[in-house]
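First up is the structure itself, then whatever we jot down about it.
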Amino acid sequence: TRDEDHYYSFEVDQGGNLLIQFTDLDAIGCVELYLSYGEPPKRGQADYAPMEICDPEQSILITGANLGTWYVLLHSTDASGDYEIAAELFSLGLTAITPTSQGNTASVQMLITGGGFTSNTQLTLEGMGQTPLAPEEMMLISASQISALFDPQGLPAGTYTLVAQEGAESVQLNDAFSVLEGGEAE
């Protein structure tokens with residue numbers, strides 16, 4: 001319904017990175033997602049909000065989330081239907097990669113987003129039957145972002161999985177990157 005608020009709360013009882021994901025299952029209407037620590041958020045007065053409000057898929061990533069009570073506000077500005085909301089606590093994670101595709105004729109500078117990154121984090125692109133491709137250069141921007149230069153020249157066209165490894169822990173972002181025959185980044 002129009003201008004309706006739904007509040008949720010949850011406890012973070014161990015250290016880590018926090019990912020809140022909202023999915024509007026039928027993509028009807030506009031829902032705004034807000035997140036705050038310690039007290040319920042209000043529209044325009046929240047600790048965190050996604051870059052794109054009203055998107056049917058919204059997420060908020062907090063690196064090094066505080067222990068204690070967190071609050072979520074979902075505000076519907078017009079009619080909305082079914083949705084899912086989930087909170088995940090993790091030490092190492094991958095959430096996005098930009099760009100998501102590149103031709104196999106030139107190197108590509110990627111921005112990898114996630115959490116728990118350090119200067120020891122290792123990245124690879126992996127495809128079926130292919131040797132894992134490590135970046136030529138990598139720069140840690142923050143605990144939630146890495147810039148990496150990959151050279152897909154010579155790789156066959158197809159979809160590749162991004163893998164991050166930190167010590168014994170390994171996570172992947174399945175089908176994160178497409179290598180195109182020839183072409184430019186998208």
Side-chain angles (χ1 to χ4, degrees), residues 10-23 33 35-38 46-52 57-70 72 85-180 184-186:
F10 59 93
E11 293 292 320
V12 172
D13 58 3
Q14 63 184 26
N17 303 297
L18 178 62
L19 177 63
I20 305 297
Q21 293 181 302
F22 166 81
T23 304
L33 172 66
L35 178 70
S36 286
Y37 172 74
D47 295 336
Y48 302 93
M51 297 292 286
E52 298 288 329
E57 293 185 8
Q58 301 175 46
S59 63
I60 299 173
L61 173 68
I62 297 97
T63 56
N66 292 330
L67 301 180
T69 306
W70 287 82
V72 174
I85 186 163
E88 176 186 358
L89 192 63
F90 60 91
S91 56
L92 178 65
L94 293 167
T95 57
I97 182 173
T98 304
T100 58
S101 66
Q102 165 73 27
N104 59 2
T105 60
S107 296
V108 59
Q109 189 74 43
M110 295 182 189
L111 180 63
I112 291 99
T113 306
F117 301 148
T118 72
S119 59
N120 296 321
T121 302
Q122 297 175 355
L123 297 173
T124 55
L125 281 175
E126 300 183 7
M128 292 191 59
Q130 300 299 314
T131 301
L133 179 66
E136 293 182 338
E137 298 174 9
M138 198 167 83
M139 182 178 73
L140 178 68
I141 298 170
S142 68
S144 64
Q145 289 188 323
I146 292 176
S147 177
L149 179 67
F150 283 91
D151 184 1
Q153 293 183 64
L155 285 180
T159 303
Y160 291 78
T161 294
L162 178 67
V163 177
Q165 185 166 350
E166 181 76 33
E169 187 174 7
S170 178
V171 294
Q172 59 188 36
L173 190 59
N174 293 325
D175 302 329
F177 188 74
S178 295
V179 173
L180 309 173
E184 296 292 319
E186 291 181 14

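Between Tyr37 atom OH and Asp47 atom CG the span is 10.0 Å, to the nearest 0.5 Å. Rounding to the nearest 0.5 Å places CD of Gln172 at 15.5 Å from OH of Tyr160. Interatomic distance, CD of Gln14 versus CG of Leu67, reported as 9.0 Å (0.5 Å rounding). In this structure, the separation between CD1 on Ile20 and CZ on Phe10 is 3.5 Å, given to the nearest 0.5 Å. Note that CG of Leu180 and CG of Asn104 are 8.0 Å apart. Values are rounded to the nearest 0.5 Å. Note that the CG atom of Leu123 and the CE atom of Met110 stand 9.5 Å from one another [nearest 0.5 Å].
Not counting sequence neighbours, Asp13 has no partner by the side-chain contact (heavy atoms from CB on, under 4.5 Å) test. Among residues two or more places apart in sequence or in another chain, the side-chain contact (heavy atoms from CB on, under 4.5 Å) test is passed with Ala49 by Tyr34. Taking Ile62 as the reference, Leu18, Leu35, Tyr48, Ile60, Ala65, Trp70 meet the side-chain contact (heavy atoms from CB on, under 4.5 Å) condition, with sequence neighbours excluded.
Put simply, the side chain of Val163 reaches to within 4.5 Å of the side chain of Ser170, judged on heavy atoms. With a 4.5 Å cut-off on side-chain heavy atoms, Val72 and Leu33 count as touching. Between Phe177 and Leu162, every side-chain heavy-atom pair lies at or beyond the 4.5 Å cut-off. Residues Asn66 and Val12 are not in side-chain contact: their nearest non-hydrogen atoms beyond the backbone lie 4.5 Å or more apart. The shortest side-chain heavy-atom distance between Val108 and Pro99 falls under the 4.5 Å cut-off.
Within the structure, side-chain hydrogen bond (donor to acceptor under 3.5 Å, both in side chains) pairs that include any residue of residues 110-121 comprise Thr118-Glu166, Thr121-Glu166 (at least two apart or interchain). For residues 145-158, the side-chain hydrogen bond (donor to acceptor under 3.5 Å, both in side chains) pairs, not counting sequence neighbours, are Gln109-Ser147, Asp151-Gln153. Contacts classified as side-chain hydrogen bond (donor to acceptor under 3.5 Å, both in side chains) and involving residues 128-142 (residues at least two apart or in different chains) are given here: Ser142-Ser144.
Of all non-hydrogen atoms in Leu92 and Gly116, the two that sit nearest each other are CD1-O, 3.8 Å. Residues Ser36 and Ala46 approach most closely at OG-CA, 3.3 Å, considering heavy atoms. Closest approach of Ser107 to Pro152, counting heavy atoms only: CA-CD, 4.0 Å. Nearest approach of Leu133 to Phe150, heavy atoms of both residues: O-CE2, 3.2 Å. Of all non-hydrogen atoms in Leu19 and Ser59, the two that sit nearest each other are CD1-CB, 4.1 Å.
Side chains of Thr69 and Glu11: a donor-acceptor N/O pair is present below 3.5 angstrom, by distance only.
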Handout entry: Leu155 vs Gln102, side chain to side chain contact (heavy atoms under 4.5 Å, CB included): CA-CA, chis, key distance, verdict
Key = CA-CA 11 Å; Leu155 285 180; Gln102 165 73 27; over 6 Å; no
Practice task
Quick one: do Thr23 and Glu57 satisfy side-chain hydrogen bond (donor to acceptor under 3.5 Å, both in side chains)? Show the steps, please.
Solution key: CA-CA 5 Å; Thr23 304; Glu57 293 185 8; 5.1 Å; no
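When Thr63, Leu94, Asn17 are each tested for a side chain to side chain contact (heavy atoms under 4.5 Å, CB included) with Phe117, only one passes: Leu94.
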